[in-house]
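Given the structure is predicted, the values throughout are model-derived calculations rather than measurements.
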Amino acid sequence: MGVRGLTAFIDRCSSAWDVQAVKPVTPEEVKAGKARVIKLVVDGMAMLYHLYFTNNFNCVCGGQYAQFAEHVRAYVVGLQKCGFSLFVVMDGTENPAKLATMINRENDKIKTIKQLTTADKYSGKKQLPLLARVAFLEALEKLGVKVAFADREADVVAAAMSKMHACCALSQDSDFFVYDLPAGYIPITNLEVARNGAVSAKRYNKAKFCADLGVKPGTFPLLASVMGNDYVPQSLLRPFHVSLGEEDVKMPAGWQDNGKEVTIRDQLLVKIAGFLVKHTSQKEAVDAICTAADTQYKADLEAGLVPMVKGEDGEEKPEEFSKAALEEAINTSLAQYTLNPKDATAVGPTTELKTDAPAGLPEKLVTLYRDGKLDWQLLNVMVNKSFWCHTQVEDLERDSAWEVGRELRQKAYKIMLEGKGPVTEYVRKGLKFETEAVEAASDALPGIGALIADKGGDQAARAKLLYAAVGAAAAGVEEDMQLLTACVRYWISAMKEVTAAEVAALCASMLQKKEDQTTRVSKEARPPWLSVTMAWRLAGLQSILSSALLLNQALLAPVKPFSVGTAYDGEFIHRFHHLQHRAKGVTALSDQLRKDSIDSTAFFALYKAIVAGLEELVKGEVMPNLEGDSIMWGASGPEGKIEVDKIEAEKKAAEAKAQPKMGGNFGGLLDPEEEEEDEEEEEEEEATPPPAPAPAPATENEGKKKKKTKEEDDAELARLMAEMEQVDAKRQEQKKKEKERKKKK
């Protein structure tokens with residue numbers, strides 16, 4: 001739910017925190033059987049957001065998944081070495097009660113993306129890349145961390161498990177300050193792993209905080225509800241807040257201003273606490289709150305002080321309020337803060353979710369979901385008949401990039417609902433997040449019921465169904481690259497026309513050395529050379545990658561899924577494309593591959609395999625160089641522009657032939673070669689400059705401008721290449737220091 005202003009207030013109450021430092025477990029302690037175990041129940045999405053954004057990974061280029069996965073690995077291993085045992089709980093299907101909130105959040109993301117792609121200066125806004133959740137789960141799985149998937153929101157399940165098992169909770173949600181958690185709560189921003197391996201933690205102590213505030217711990221859920229959250233809107237609370245008066249109040253003894261002014265929300269919290277201590281029971285306090293609000297609203301209405309809002313008819317009218325509505329909202333909120341022991345066991349093979357899909361929700365299917373083998377989006381299709389096309393960084397003036405992968409999703413809908421559609425897709429339309437009814441595919445596909453009953457065909461048959469939908473994989477690639485290359489080929493076909501530079505950037509990205517990729521420093525801000533069009537095209541690729549992974553899961557994973565870290569490296573792809581899409585010279589491509597430590601032979605083999613049979617859809621080409629020992633851009637260049645120039649030249653030549661020729665009646669007797677020789681001789685004769693040159697004609701000026709533009713482009717390209725070499729040098733230096741540090745250990 002979240003209580004606005006609560007986290008900031010508690011952060012400034014020093015007495016509310018217990019500070020702890022934990023060192024790594026030593027080998028001697030392990031031998032002596034003294035190895036500690038500190039259990040943590042983790043809100044997975046809170047950890048995901050924290051680890052991606054606090055390390056300043058770039059999000060504008062579409063995602064730095066390999067670097068992110070390495071950061072997750074290092075962080076979790078650091079905790080494990082100090083004896084922490086993690087149990088991660090991930091969010092599940094959408095909560096219908098929060099549908100409006102979810103849509104509002106997506107609309108806010110659209111505004112963020114507009115700022116990210118158009119603002120002159122970086123504003124610090126961030127957008128979680130589409131496949132970050134997949135990368136996060138991949139990293140946890142490799143580390144053997146236990147992960148469970150909740151029916152709906154993970155925070156309540158994590159809190160209930162924390163209470164039942166008497167262990168600390170880890171999240172980044174102000175609701176955890178309110179829950180009754182005997183072992184305490186650690187905001188994930190307060191759990192740090194230092195370079196020396198030690199872990200420092202600041203754990204929230206609810207009893208101390210409430211004592212400073214002067215309220216009983218059991219009263220805190222009511223205080224949080226009356227501050228306002230998702231269930232108690234400010235429109236209902238405004239009259240009560242006004243009734244508390246405008247006089248300044250004294251802050252608690254342990255509260256520190258840290259050089260900042262006391263905010264209105266800070267004072268409001270203290271005023272509400274002072275109001276609650278006057279009442280002996282929760283029911284009495286709720287009645288008093290509702291009565292005070294009702295009295296204040298009536299007085300404001302009479303005085304004309306009630307805020308005006310637009311009604312459904314567009315006419316302005318006073319903001320509505322009722323005592324009964326406020327009481328109901330408060331009681332609903334209080335129920336959300338009451339931890340039910342059932343929630344602590346809500347990660348087993350049964351579920352309270354309902355579906356009208358023919359297969360139902362049998363234990364075998366639920367177990368697949370709990371184990372992470374069936375994504376929440378697929379379960380959401382069964383439960384809510386909806387799919388969320390989460391907003392990506394793309395060109396907002398174009399259609400949503402999710403549309404190119406829709407046919408794949410329609411096949412997944414057919415499997416999960418066995419044709420019982422349609423499915424509501426929540427997707428961006430222009431600058432707004434809206435709904436669109438999408439029918440399931442009409443293909444003859446097995447239903448999920450038959451699949452989990454082992455009646456949907458063997459693995460080979462199901463793999464054949466998958467590749468019939470996605471298309472054939474590139475020939476000769478490893479097993480873990482087959483589905484990935486099939487997706488890239490699908491993308492080429494779906495986009496109708498791509499460039500050789502785009503395909504080359506993707507191939508080079510896939511072939512990076514893991515060490516180089518994971519140690520490269522990512523820059524959070526938008527690169528000055530970012531192409532929004534390219535971002536949109538790559539967002540389309542990511543929607544295809546996501547949809548293909550979901551279809552593979554719907555078919556019970558007949559094909560080995562690809563690693564998203566291998567599949568997509570946003571900064572690398574954008575940079576490689578930017579440096580090469582206008583590159584000229586026979587060594588431009590091979591030089592770039594050499595700088596990025598990519599084997600040109602492997603690159604050329606992968607490139608040829610991916611574009612095989614799709615050459616007509618690819619503008620530009622890659623070919624062996626003249627010596628045959630490397631590769632270069634072909635005659636049409638990285639984007640087919642040279643071929644376009646050639647066609648234009650031939651067109652002009654044809655037009656020239658149709659006009660009267662120089663040389664009178666004898667002009668037509670000269671063959672083309674003789675004409676060229678004559679023209680060369682004339683050019684040589686005209687090469688001597690006259691003493692006083694006349695002003696250049698307009699066409700000549702235009703030529704000079706073009707030449708100047710080319711020189712500027714070359715200078716920019718040289719600057720970028722130099723910058724890249726500096727980054728490479730820094731990376732090599734970083735590797736050297738890391739090796740020296742390991743030797744010292």
Side-chain angles (χ1 to χ4, degrees), residues 7 11 44-79 108-109 111-140 170-172 187-195 199-200 390-394 509 512 514-530 532 535 538-539 542 564-565 568-576 578 720 723-724 726-735 737-738:
T7 299
D11 278 344
M45 290 304 294
M47 177 178 274
L48 192 166
Y49 274 91
H50 171 73
L51 293 180
Y52 197 95
F53 289 142
T54 56
N55 207 52
N56 298 326
F57 291 117
N58 182 280
C59 61
V60 185
C61 294
Q64 302 306 119
Y65 301 127
Q67 293 153 295
F68 171 55
E70 173 59 23
H71 182 53
V72 173
R73 186 203 65 78
Y75 181 81
V76 173
V77 167
L79 293 176
D108 288 340
K109 289 177 185 178
K111 294 175 184 175
T112 295
I113 289 166
K114 189 172 184 179
Q115 288 184 306
L116 288 172
T117 55
T118 62
D120 293 332
K121 293 184 179 180
Y122 178 60
S123 63
K125 294 281 188 179
K126 300 176 182 181
Q127 168 65 30
L128 189 71
L130 179 64
L131 299 174
R133 175 174 165 135
V134 180
F136 178 69
L137 293 173
E138 281 180 7
L140 295 183
L170 185 71
S171 184
Q172 195 62 41
I188 195 166
T189 50
N190 291 353
L191 187 68
E192 299 178 355
V193 180
R195 286 185 176 272
V199 172
S200 62
H390 292 298
T391 311
Q392 301 183 70
V393 176
E394 58 177 322
S509 177
Q512 292 178 82
K514 199 72 177 175
E515 184 182 357
D516 291 346
Q517 188 179 22
T518 55
T519 57
R520 187 185 305 116
V521 178
S522 177
K523 296 180 181 179
E524 182 182 39
R526 182 185 75 202
W529 37 260
L530 179 79
V532 179
L538 291 174
Q542 289 208 64
V564 296
Y568 191 89
D569 183 335
E571 279 184 310
F572 182 95
I573 295 169
H574 274 272
R575 176 181 62 83
F576 191 100
H578 176 72
L720 288 167
E723 183 181 302
M724 187 178 69
Q726 289 177 358
V727 172
D728 289 341
K730 287 181 181 177
R731 188 167 63 204
Q732 293 300 326
E733 182 66 24
Q734 186 178 358
K735 287 181 187 176
K737 289 181 180 178
E738 184 66 19

Tell me if a side-chain donor or acceptor on R133 pairs with a main-chain N or O of L48 at a distance below 3.5 Å. no
Answer yes or no: is there a donor N or O on one side and an acceptor on the other, between the side chain of Q517 and the main chain of G565, under 3.5 Å? yes
Partners meeting ring pair (Phe, Tyr, Trp, His ring centres under 6.0 Å) with Y52 (sequence neighbours left out): F57, F68
Once side-chain contact (heavy atoms from CB on, under 4.5 Å) is applied, do any residues pair with T189, and if so which ones, sequence neighbours excluded? H50, Q172, P187
Contacts of type side-chain contact (heavy atoms from CB on, under 4.5 Å), residue A539, not counting sequence neighbours: Q392, E394, A401
Sequence neighbours left out, what pairs pass side-chain hydrogen bond (donor to acceptor under 3.5 Å, both in side chains) with at least one residue falling in residues 65-76? Q64-Q67, Y65-Q542, E70-R73
Partners of N56 by side-chain contact (heavy atoms from CB on, under 4.5 Å), sequence neighbours excluded? K126, E524
State, yes or no, whether a side-chain contact exists between S522 and E571 at a heavy-atom distance under 4.5 Å. yes
Say whether, by atom type as modelled, one donor and one acceptor occur between the side chain of S509 and the main chain of Y568 under 3.5 angstrom. no
Which residues pass the side-chain contact (heavy atoms from CB on, under 4.5 Å) test with Q115, sequence neighbours left out? S123, K125
N/O donor-acceptor pair under 3.5 Å between E138 side chain and V564 backbone: yes
For T117, the side chain to side chain donor-acceptor pair (under 3.5 Å) test, sequence neighbours excluded, returns none
